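Single-structure report; data block below.
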Amino acid sequence: MKKQVLVVAVAAALAVPAVAMADASIYGRAHVSFDYLDNDGDYSATNVSNNSSRVGVRGSQQLTDDLKGFFQVESNFEAAGNSNNGRLGTRNTFVGLEGGFGRIRAGYSDTVTKGISRATDLFGDQAGDSRNMLNGIGDQRFRNALFYTSPKLGPVTVSVEYSTNDNTNSTAADSNDDQAYSLGAVYREGPLYIGLGYEARDFANGTDNKATRLGAYYDMDAFRFTGLYQAATDAADNDLNTFGLGVRYTMGKTQLKAQYYWTDNDGTDADAAMLALGVQYNLTRQTSFYAAYAMTDNDDTATYRPAGGGHGDNIPGVVGGSSPSIISFGVMHNFKFDF
């Protein structure tokens, strides 16, 4: 009799539906580099830089047979000993639901438009990051926002994202004068990725900025070819057209890569270009070492820098017409602990 009761109890435990199961993990990246900075003027220096190091916790739980709840809290941390504000949730942080209808989140997060540049950037968070040439338009997280992503429609997903007030205030401005929205579609099929996005931000002072972004990559044997185009208008009503091309070649654990971006600014003598060259050795799936060189070539009134976007260094004293540069030796380690 006791054996029968035990068998029934074990069977009942195994039959508990998935609603009782929850998954969670701690994850992150430590990314530090030793850099030589030169502003092509009266400044040059070496520096140890923290480059978007982060730590986070995420989890999910099956609520019903066809509905899942999930959350994420992600924060920067200072890996080089510089100042850190100590707040939680300084990076992608949200709570949401996922089911047959797609995926909906509420919180603070990257947009679909930003994701296109991140997917096609061969130097993300390194010297030569494409954000150095994208004028800060289309690459900011949305605060106080709702994010919707459709279920897969074949190889395509569609996203609609809206911020009621894209600033640090907890309450929106009158008539949502500081709202923002981002719309996009992503195609992924085999070696091909294509992303198309549109993003617009209103500011309480009556100005706005907006961008249309198209990006793609294609994997062919050991090569990855990337491209990006962005047509943007800044708060001063300048039209900014940015183009980018890149190539990466993988041989074993070593990757050779290069990318070139240029911006056509309708301001007077305000065009610029950026070249980035690098080699990366992937010791394991978690740990990589790299060396990179990047420089910008500025027209008379342009002051673009080859570091700053995702990379902790921001070369000081850059003036119009200069060609600042950076040489960077870095290490990245990704970690994840499930519980």
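Just so it is clear, the model here is predicted, and its values are computed rather than measured. In what follows, every heavy atom counts, from backbone to side chain, and hydrogens, waters and symmetry copies are set aside.
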Practice problem: Considering non-hydrogen atoms only, spot the tightest contact between E74 and N92 and give its length. | Solution: CB-O, 3.2 Å
Exercise. Could you pull out the closest heavy-atom pair between D178 and A204, with the gap in Å?
Key: CB-N, 4.2 Å
Quiz item: What are the two closest non-hydrogen atoms of T157 and K152, and how far apart are they?
Solution: CG2-CG, 3.8 Å
Exercise. Would you confirm whether Q259, through its side chain, and G128, through its main-chain N or O, come within 3.5 Å as a donor-acceptor pair?
Key: yes
Exercise. Consider only side-chain N and O atoms of Q72 and Y27, and report whether a donor and an acceptor are under 3.5 Å apart.
Key: yes
Exercise. Using a cut-off of 6.0 Å, state whether more than 12 heavy atoms not belonging to D237 lie near its atom CG.
Key: no
Quiz prompt | Residue pair D338 / K336, side-chain heavy-atom distance below 4.5 Å | solution = yes
Self-check item: Geometric cation-pi criterion, R188 with Y193: 6.0 Å, 45°
Solution: no
Self-check item: Q140 and K114 side chains, donor-acceptor separation under 3.5 Å
Solution: no
Quiz item: Short question: side chain of T301, backbone of G320 - any donor-acceptor pair under 3.5 Å?
Solution: no
Quiz item: Going only through I, L, V, M, F, W and Y residues with side-chain contacts under 4.5 Å, is there a path from V48 to I315?
Solution: no
Quiz item: Taking atom types as modelled, is there a side-chain donor on N51 or S33 under 3.5 Å from an acceptor on the other?
Solution: yes
Quiz item: Hey, any chance V55 and V57 share a hydrophobic cluster, counting ILVMFWY side chains that come within less than 4.5 Å of each other, even indirectly?
Solution: yes
Quiz item: If you look at every heavy atom in Q179 and Y162, which pair is closest and at what distance?
Solution: OE1-OH, 2.8 Å
Quiz item: Could you state the interatomic distance from OG (S328) to CZ (F123), rounded to the nearest 0.5 Å?
Solution: 10.5 Å
Quiz item: Can a donor-acceptor pair be found between the side chains of D66 and T64 at a distance below 3.5 Å?
Solution: yes
Self-check item: Nearest atoms (heavy-atom pairs only) where L122 meets G246
Solution: CD1-C, 3.8 Å
Quiz item: Do V247 and L256 sit in the same hydrophobic cluster, where Ile, Leu, Val, Met, Phe, Trp and Tyr count as joined when their side-chain heavy atoms come under 4.5 Å apart?
Solution: yes
Quiz item: Picking from T149, T111, T113, what satisfies side-chain hydrogen bond (donor to acceptor under 3.5 Å, both in side chains) with S159?
Solution: T149
Practice problem: State the CG-CG distance between N135 and N238, to the nearest 0.5 angstrom. | Solution: 9.5 Å
Practice problem: Give a yes-or-no answer on whether the side chains of R143 and N165 include a donor-acceptor pair shorter than 3.5 Å. | Solution: no
Practice problem: Decide side-chain contact (heavy atoms from CB on, under 4.5 Å) for Q286 and M332; before the verdict, give the C-alpha distance in whole Å, the side-chain angles of both, and the deciding distance to 0.1 Å. | Solution: CA-CA 8 Å; Q286 292 78 32; M332 293 184 290; over 6 Å; no
Quiz item: Is there a donor-acceptor pair under 3.5 Å between the side chain of E161 and the backbone N or O of V112?
Solution: yes
Practice problem: Count the heavy atoms belonging to other residues, nucleotides or ligands that lie under 6.0 Å from CG of N205, then report whether that count exceeds 12. | Solution: yes
Quiz prompt | Residues that F70 engages under ring pair (Phe, Tyr, Trp, His ring centres under 6.0 Å), provided they are two or more places apart | solution = none
Quiz prompt | Flag, side chain of S53 to backbone of N50, donor-acceptor distance under 3.5 Å | solution = no
Quiz item: Mind checking what makes ring pair (Phe, Tyr, Trp, His ring centres under 6.0 Å) contact with Y249, not counting sequence neighbours?
Solution: F223
Quiz item: Between CG of D35 and OG of S49, what distance do you get to the nearest 0.5 Å?
Solution: 5.5 Å
Quiz item: Should I327 and F329 be marked as a side-chain contact (heavy atoms from CB on, under 4.5 Å) after you check the CA-CA gap, both sets of side-chain angles, and the distance that decides it?
Solution: CA-CA 7 Å; I327 300 173; F329 302 92; 3.7 Å; yes
Self-check item: Value rounded to 0.5 Å, distance of CZ in R248 from CZ in R224
Solution: 4.5 Å
Quiz item: Hey, are D271 and N265 close enough side-chain-wise for a donor-acceptor pair under 3.5 Å?
Solution: no
Quiz prompt | Steps toward side-chain contact (heavy atoms from CB on, under 4.5 Å) verdict (Y229, N241) | solution = CA-CA 7 Å; Y229 169 69; N241 294 305; 3.3 Å; yes
Practice problem: May I ask you to check whether N334 and R29 show a side-chain donor-acceptor distance below 3.5 Å? | Solution: yes
Quiz prompt | Side-chain touch T250/Q255, heavy atoms, less than 4.5 angstrom | solution = yes
Exercise. Report the distance from atom CD of Q62 to atom NZ of K68, rounding to the nearest 0.5 Å.
Key: 6.5 Å
Self-check item: Single-linkage hydrophobic cluster Y217~I116, side-chain heavy atoms < 4.5 angstrom
Solution: yes
Quiz prompt | Working for side chain to side chain donor-acceptor pair (under 3.5 Å), residues S288 and N282 | solution = CA-CA 4 Å; S288 301; N282 301 314; 2.7 Å; yes
Practice problem: Anything under 30° is parallel, anything over 60° is perpendicular, the rest tilted; go ahead and classify F335 against H333. | Solution: parallel
Self-check item: Any donor-acceptor N/O pair, N209 side chain to T233 backbone, under 3.5 Å
Solution: no
Quiz item: Are any non-hydrogen side-chain atoms of N298 and V318 less than 4.5 angstrom apart?
Solution: yes
Quiz prompt | Same apolar cluster (I L V M F W Y, side chains within < 4.5 Å links), L228/L245 | solution = no
Quiz item: Does the side chain of F142 reach to within under 4.5 Å of the side chain of S109, using non-hydrogen atoms?
Solution: no
Self-check item: S150 side-chain N/O to V158 backbone N/O, donor-acceptor pair under 3.5 Å
Solution: yes
Practice problem: Answer yes if the side chains of E78 and N76 hold a donor-acceptor pair under 3.5 Å, and no otherwise. | Solution: no
Quiz item: Q230 versus L214: any side-chain heavy-atom pair under 4.5 Å?
Solution: no
Practice problem: Name all pairs fulfilling the ring pair (Phe, Tyr, Trp, His ring centres under 6.0 Å) condition that reach into residues 252-299, sequence neighbours left out, sorted by first residue then second. | Solution: H31-Y290, F243-W262, Y260-W262
Quiz item: With a 4.5 Å heavy-atom cut-off, do V186 and I194 have their side chains touching?
Solution: no
Quiz item: N47 and Y36: side-chain donor and acceptor closer than 3.5 Å?
Solution: no
Quiz item: Any side-chain heavy atom of Y304 within less than 4.5 Å of one from T263?
Solution: yes
Quiz item: Is a salt bridge present between R213 and D139, judged by a nitrogen-to-oxygen distance below 4.0 Å?
Solution: yes
Quiz item: What are the two closest heavy atoms between A307 and I326, and how far apart are they?
Solution: CB-CD1, 3.9 Å
Quiz item: Backbone N or O of L88 within a donor-acceptor pair of the T90 side chain at under 3.5 Å?
Solution: no
Quiz item: When rounded to the nearest 0.5 angstrom, what is the spacing between OG in S325 and CG in L275?
Solution: 11.0 Å
Practice problem: Evaluate the criterion side-chain contact (heavy atoms from CB on, under 4.5 Å) for residue pair M274 and M295; output intermediate values, then yes/no. | Solution: CA-CA 6 Å; M274 180 184 72; M295 60 88 66; over 6 Å; no
Quiz item: Is it the case that S130 and S117 place a side-chain donor and acceptor less than 3.5 Å from each other?
Solution: no
Self-check item: Presence of salt bridge, R131 and D125, under 4.0 angstrom
Solution: yes
